[in-house]
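Numbered from 1 within each chain, the chains take letters A, B, ... in sequence-line order. The model shown is predicted, which means the values in this text are computed figures rather than measured ones.
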Protein chains: 2
Amino acid sequence: MTRRKIQIKKIESTTARQVTFSKRRRGLFKKALELSTLCDSELALIVFSSTGKLFDYASSSVLQVIERQNLQSNTLDKMDQPSLELQLENSTYTLLSNDIMEKTRELRQMKGEELQGLNIEELQKLEQLLQDGLRCVVNAKDKRFVEDISSLERKGAELMEDNQILKRQVENQSNNITHVIEQGQSSESLTNICSSADPPQGQDSDTSLKLGLPFPNWL
Amino acid sequence: MTRRKIQIKKIESTTARQVTFSKRRRGLFKKALELSTLCDSELALIVFSSTGKLFDYASSSVLQVIERQNLQSNTLDKMDQPSLELQLENSTYTLLSNDIMEKTRELRQMKGEELQGLNIEELQKLEQLLQDGLRCVVNAKDKRFVEDISSLERKGAELMEDNQILKRQVENQSNNITHVIEQGQSSESLTNICSSADPPQGQDSDTSLKLGLPFPNWL
DNA sequence: ACACCTATCTATAAACG
DNA sequence: TCGTTTATAGATAGGTG
């Protein structure tokens, strides 16, 4: 748009992002107002800043009232029945907004941003909170590692066991077949039957490969 | 905005209004997308054309849910004014509630609670986040320590300087008094005056104690 | 954080197909 | 009702105070 063209992706610098947010937000709201005016269309726009602050605009009259009520707290006692309802809703709305702002600030501070307003005591408290959280997360992670590993080992053991059983079944079958063949079949038929039902031991078949692995190969 | 400047008021010609609506709507949505991308902010935009058609955009999944709600109830019945307003109000409300729930969960997880639903990858991500945050906080704390210490050292130096000046003033005064006394006072008066205005050097007065400390004792 | 500046980029009014 | 063009108004990135 101006001195230089910029890429449309998240602006990394916090200050630059805030400046841009402020400018573009105003631009966007102006455009929204123009569209609703020029084309007589109803329109609502709700924007949260990265700090959790809420901005909104709505062309419809009732929402404008609500919006105004939010900006400058009360002076609407003079209105009749609907105003009471609006006030109730509005207070909930304001409470929610405040809660969001508070939680957003707390989250940002836990991520190490927006720390300039804190004194040493508050910073130490935050550090302690982070260390406690980190300890819990690392514990949970390690526990999960152990669980996943033992679960995989169990599965591996089961597979190996199955493998053994299958191997024995295959050996039994091939013995039976060999026995049957030895009792009366021709040598040409022997070759055919053996290659399809009992491949040579030195060469891994697809089946024995899958069953023989201690861990599944999709890990 | 171009071949000619236009007034921002309702366009009377229906066709011109529709053309402008279509162009400006697209422009507005593009700007909204850019803002949410550049500044990483959550954002919802809902536009009704004068023919009642609904267009909307929302940057986050939470908003998309609300958007869908609006879309569905819009297609169900043609909608008259009050229902539009109600929907928009509900949207804002729902949006706020969901946002709070999400942020609350994130906070609890950063504090090491409610981790049972996370897999190893998510836990590692969380651990990284906490370590980054912790690093920033520790840096900020150390910086603040250094600042506070140098500020105190500066204050201490200033106090020592003031102390020196005051000491010189006291010495000058006592010299003058001694001089005056030597010029005509009796020896009994000399003792009285000296003990009140100029105590012996080897014994710390309250004043010199306060001024002589490198750091204030309220630390 | 805010207002202002200005060079540059973008959006778009009007026109045409 | 569209898309395309084009000249121009508007928006804004980066800078300064």
Rounded to whole angstrom units, what separation is found between the [atom1] atom of [X] and the [atom2] atom of [N]?
X: B:Lys9; N: C:dA13; atom1: NZ; atom2: P; answer: 15 Å
X: B:Gln18; N: C:dA13; atom1: CD; atom2: P; answer: 15 Å
X: B:Phe21; N: C:dA13; atom1: CZ; atom2: P; answer: 13 Å
X: B:Leu28; N: C:dA11; atom1: CG; atom2: P; answer: 11 Å
X: B:Gln7; N: D:dA9; atom1: CD; atom2: C1'; answer: 13 Å
X: B:Leu35; N: D:dA11; atom1: CG; atom2: P; answer: 15 Å
X: A:Leu33; N: D:dG10; atom1: CG; atom2: P; answer: 14 Å
X: A:Arg25; N: C:dA1; atom1: CZ; atom2: C1'; answer: 12 Å

By side chain to side chain donor-acceptor pair (under 3.5 Å), B:Ser22 pairs with (sequence neighbours left out) B:Arg26
ask   = Any donor and acceptor pair, going by atom type alone, linking the side chain of B:Ser174 with main-chain N or O of B:Glu171 inside 3.5 Å?
value = yes
Under a 4.0 Å N-O cut-off, is there an ion pair linking [X] with [Y]?
X: B:Arg144; Y: B:Glu147; value: yes
X: A:Lys141; Y: B:Glu127; value: yes
X: B:Lys111; Y: A:Glu106; value: yes

From C-beta outward on [X], which listed nucleotide comes closest to its side chain: [options]?
X: B:Arg3; options: C:dA3, C:dA1, C:dA14; answer: C:dA14
X: A:Arg24; options: D:dT12, C:dA3, C:dA14; answer: D:dT12
X: B:Lys30; options: D:dA11, C:dA14, C:dT10; answer: C:dT10
X: A:Glu34; options: C:dA14, D:dA11, D:dA13; answer: D:dA11

- Item | Presence of B:Thr20 side-chain N/O under 4.0 Å of C:dA13 phosphate oxygens OP1/OP2 | yes
request  = For A:Lys5, report the nucleic acid contact type (base, sugar-phosphate, nothing); a contact means any heavy atom under 4.0 Å.
outcome  = sugar-phosphate
Residue pair A:Ile6/A:Lys23 against DNA chain C: nearer the 5' end by closest nucleotide is A:Lys23
Heavy-atom nearest nucleotide on DNA chain C taken for A:Val19 and for A:Arg4; more 5' hit belongs to A:Val19
Q.
I'd like to know if A:Lys31 reaches the base of D:dA11 with its side chain, counting only an N/O donor and acceptor under 3.5 Å.
A. no
